[in-house]
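In what follows, every chain begins at residue 1, and chains take the letters A, B, ... in the order their sequences are listed.
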Amino acid sequence: MSLKIYNTLTGKVEEFVPLNPPKVLIYTCGVTVYDDSHVGHGRSLIVFDTFRRFLEHLGYEVKFVRNFTDVDDKIINRAKEECTDFMSIANRYIASYYRDMEAIRVRPADVEPRVTEHIQEIIEVIQRLIEKGYAYESDGDVYFSVSSFKDYGKLSKRSPEEMEAGARVEPSEKKRDPLDFALWKASKAGEPAWDSPWGKGRPGWHTECVAMVFKHLGETIDIHGGGLDLVFPHHENEIAQAEAITGRPFARYWMHNGLVTVGGQKMSKSLGNYVTLKEIYTRYHPDVLRLLVLFTHYRSPLDFSWEKMEEAKRAYERLKGAVEDYELLKKLEVVEDRSGGTHPLYDKVKEMEENFFGALSDDFNTPEALSHIFSLVTELGRIKNRAYREGRITSSDLEAYRFASESLHSTLRKIFGLLEDLYHECEVRRVVERELEPGDVRSSELIDLLVEVRAMARREKQYKIADYIRDRLKEIGIELEDTPAGTRWRKV
RNA sequence: GGCGACGUGGCCGAGCGGACUAAGGCGGGGGACUGCAAAUCCCCUUAUCGGCGGUUCGAAUCCGCCCGUCGCCUCCA
């Protein structure tokens with residue numbers, strides 16, 4: 001089955017053919033570390049993390065690089081506000097980023113380069129551009145000459161003439177042309193600075209990605225990804241620099257995820273309408289966010305709301321329940337049945353897997369893939385329903401359930417990064433909520449005790465007492481569920 | 001102003017020329033199960049796809065115009 005993905009460069013869905021299979025080289029633009037990451041960053045991170053997992057599943061040897069921009073205006077400004085140096089700001093938010101990624105289960109990239117560790121490589125890229133006549137020095141700055149690169153605008157589909165007409169470009173006496181962009185900026189007093197052939201300064205934003213790609217991946221990579229808002233000017237400028245130097249395609253496929261909006265407007269720092277990842281995972285299991293992201297096609301806009309988080313949470317609980325309920329079903333009385341023949345569920349599993357991977361192969365259609373997941377979840381529910389009615393389960397139903405739920409779990413975990421901590425949830429949640437719930441272990445024993453007492457009351461048909469216990473537990477966030485195999489409880 | 005995207009049931013959201021009598025999720029109603037709940041299942045809510053006009057044997061899917069929403073053009077995932 002061939003993989004098809006939409007390529008921003010051509011504007012078409014194309015068959016994905018890596019340059020040197022089975023290797024696949026991917027680069028995505030990471031975050032600028034001057035503040036906590038929000039849901040907008042999270043979406044992009046989750047999308048590409050999931051896509052990478054899918055490529056690995058297909059048998060590709062993926063080398064994945066995602067950078068940190070650890071020196072730029074915003075970091076410097078933040079440092080000034082706090083009367084500290086830019087490096088401690090960067091380090092603080094890199095640490096914060098790693099906490100977030102661990103919580104939302106975005107795997108680290110194979111290489112996570114930092115700009116400040118690649119100054120020499122950046123300078124070399126700039127020097128090569130000057131040598132080839134694509135860049136010029138001007139009073140300690142270095143600019144890329146947009147008019148010297150004929151393909152400029154091919155990614156964002158706009159021509160330099162149109163942009164001039166738009167006339168919203170930054171004016172500067174140092175630039176020969178208003179469209180030219182900075183590769184190197186002479187540093188002002190008190191700002192971080194590195195020695196260069198053009199004097200003390202620091203790199204402009206657009207060069208770092210080119211230098212890092214060249215160093216860690218090579219001159220042509222398979223996939224370059226990032227948020228839709230990076231298409232212009234950032235990615236356009238990357239292409240200009242890289243292809244001016246090599247004369248060869250920089251990235252064969254450009255993938256851009258749609259933006260996260262709030263009430264229809266882009267989630268961003270400047271609008272102040274952002275929700276940090278930390279807010280998300282202190283209120284919800286991190287899988288809920290992953291599910292929310294995967295419920296929308298990666299190229300469509302995703303309008304964030306807490307209502308949607310609630311919806312995703314319900315869906316998440318259904319998924320989780322389908323996988324977990326095997327533990328419950330096997331506690332029921334199992335009746336042997338030798339009716340023979342294969343259980344119909346095995347075919348359903350096969351069908352689900354084929355449809356699931358088929359959907360992902362068609363421009364990474366995660367919503368459709370999830371629809372196939374849920375059709376299997378419904379099949380599992382049918383078995384549960386039958387078992388609950390009869391108070392027992394046939395051995396073939398139980399075995400089929402085990403097979404199907406394991407297959408479901410393994411697919412969700414490996415590809416979507418969901419339900420990774422199913423059987424260790426208490427521990428993982430305690431890590432996440434460490435400060436919030438120090439006494440969790442003790443209270444779980446107490447809850448077990450109350451559940452026991454309630455069971456006794458029920459046996460005596462003392463329903464008022466039994467219901468009182470259940471209602472009071474619910475008030476403190478513990479929900480009880482009576483099953484043919486006994487009562488279980490969960491936090492809500 | 002320039003360039004681009006989007007508008008599908010109560011809400012969200014796939015589908016992008018013929019198996020669409022339009023996936024899936026969430027919500028609401030009814031039923032099965034339950035001491036009552038919860039979980040699970042079944043049924044209903046549930047669609048002619050922003051509007052108008054074209055192309056085609058055939059359009060939610062292609063083209064044109066209009067209306068509406070958003071993005072990029074300045075740092076942004």
Candidates [options] - which lies nearest the side chain of [X]:
X: A:R318; options: B:G35, B:C26, B:C75; answer: B:C26
X: A:K384; options: B:A77, B:U40, B:G25; answer: B:U40
X: A:R458; options: B:A77, B:G35, B:A14; answer: B:G35
X: A:D325; options: B:A77, B:A39, B:G15; answer: B:A39
X: A:D467; options: B:G35, B:A39, B:A77; answer: B:G35
X: A:L259; options: B:A77, B:G15, B:C41; answer: B:A77
X: A:R158; options: B:C72, B:A39, B:A77; answer: B:C72
X: A:E311; options: B:C12, B:A39, B:C73; answer: B:C12
X: A:K308; options: B:C12, B:C26, B:C72; answer: B:C12
X: A:A315; options: B:A14, B:G71, B:C26; answer: B:C26

Say we look at [N] and [M]: how far apart would their [atom1] atoms be, to the nearest angstrom?
N: B:G53; M: B:C12; atom1: P; value: 27 Å
N: B:G1; M: B:U45; atom1: C1'; value: 47 Å
N: B:G17; M: B:C26; atom1: P; value: 29 Å
N: B:C6; M: B:G15; atom1: C1'; value: 15 Å
N: B:A60; M: B:A19; atom1: P; value: 10 Å
N: B:G9; M: B:A47; atom1: C1'; value: 4 Å
N: B:C16; M: B:C49; atom1: C1'; value: 11 Å
N: B:G18; M: B:A59; atom1: C1'; value: 10 Å

Contact under 4.0 Å: [X] side-chain N or O vs [N] OP1/OP2:
X: A:S300; N: B:A14; answer: yes
X: A:K266; N: B:C72; answer: yes
X: A:R299; N: B:G71; answer: no
X: A:N365; N: B:G15; answer: yes

What is the base-pairing partner of [N], counting Watson-Crick and G-U wobble geometry with both distances under 3.5 Å?
N: B:A39; value: none
N: B:C16; value: none
N: B:A5; value: B:U69
N: B:U61; value: none
N: B:G27; value: B:U45

Grab the [atom1]-[atom2] distance between [X] and [N] for me, whole Å please.
X: A:Y388; N: B:C41; atom1: OH; atom2: C1'; result: 12 Å
X: A:L291; N: B:A14; atom1: CG; atom2: C1'; result: 15 Å
X: A:F304; N: B:C11; atom1: CZ; atom2: C1'; result: 16 Å
X: A:Y316; N: B:C26; atom1: OH; atom2: C1'; result: 17 Å
X: A:L329; N: B:A39; atom1: CG; atom2: C1'; result: 11 Å
X: A:D303; N: B:C26; atom1: CG; atom2: P; result: 20 Å
X: A:L179; N: B:G2; atom1: CG; atom2: C1'; result: 13 Å
X: A:R389; N: B:A39; atom1: CZ; atom2: P; result: 17 Å

Residue pair [X] / [Y], side-chain donor-acceptor N/O under 3.5 Å:
X: A:E238; Y: A:Y27; value: no
X: A:D100; Y: A:Y281; value: yes
X: A:D363; Y: A:Y298; value: yes
X: A:S37; Y: A:K278; value: no
X: A:E399; Y: A:S395; value: no
X: A:R290; Y: A:T50; value: yes

### Task
For A:R382 and for A:E481, locate the closest nucleotide of RNA chain B by heavy-atom distance; then report the residue assigned to the nucleotide nearer the 5' terminus.
A:E481
### Message
Judged by each residue's nearest nucleotide on RNA chain B, which is more toward the 5′ side, A:K464 or A:T296?
### Response
A:T296
#### Entry: Stacked pair A:F295-B:G24, distance under 5.5 Å, angle under 30°
no
When the ring planes of [X] and [Y] are compared, do they come out parallel, tilted or perpendicular, using 30° and 60° as the limits?
X: A:Y326; Y: A:Y401; value: parallel
X: A:Y152; Y: A:F232; value: perpendicular
X: A:H224; Y: A:F250; value: tilted

#### Entry: Stepwise ring pair (Phe, Tyr, Trp, His ring centres under 6.0 Å) test for A:F16 and A:Y253
CA-CA 8 Å; A:F16 176 66; A:Y253 302 87; 5.0 Å; yes
### Query
Taking side chain as C-beta onward, heavy atoms only, is A:E208 less than 4.5 Å from A:H118?
no
### Task
Would you mind reporting whether A:F416 and A:F54 have side-chain heavy atoms less than 4.5 Å apart?
no
### Side-chain donor/acceptor of A:R470 to base of B:A37, under 3.5 Å
yes
### Query
Do A:N77 and B:C75 share a donor-acceptor pair, side chain to base, under 3.5 Å?
no
### Task
Scan residues 370-381 of chain A against RNA chain B and write down, sorted by residue number, each residue with any heavy atom closer than 4.0 Å; if none is found, say none.
A:S371, A:F374, A:T378, A:G381
Give [X] one of three labels, base, sugar-phosphate or nothing, depending on what nucleic acid heavy atoms sit under 4.0 Å from its own.
X: A:V231; answer: nothing
X: A:D482; answer: base
X: A:G30; answer: sugar-phosphate
X: A:R454; answer: base

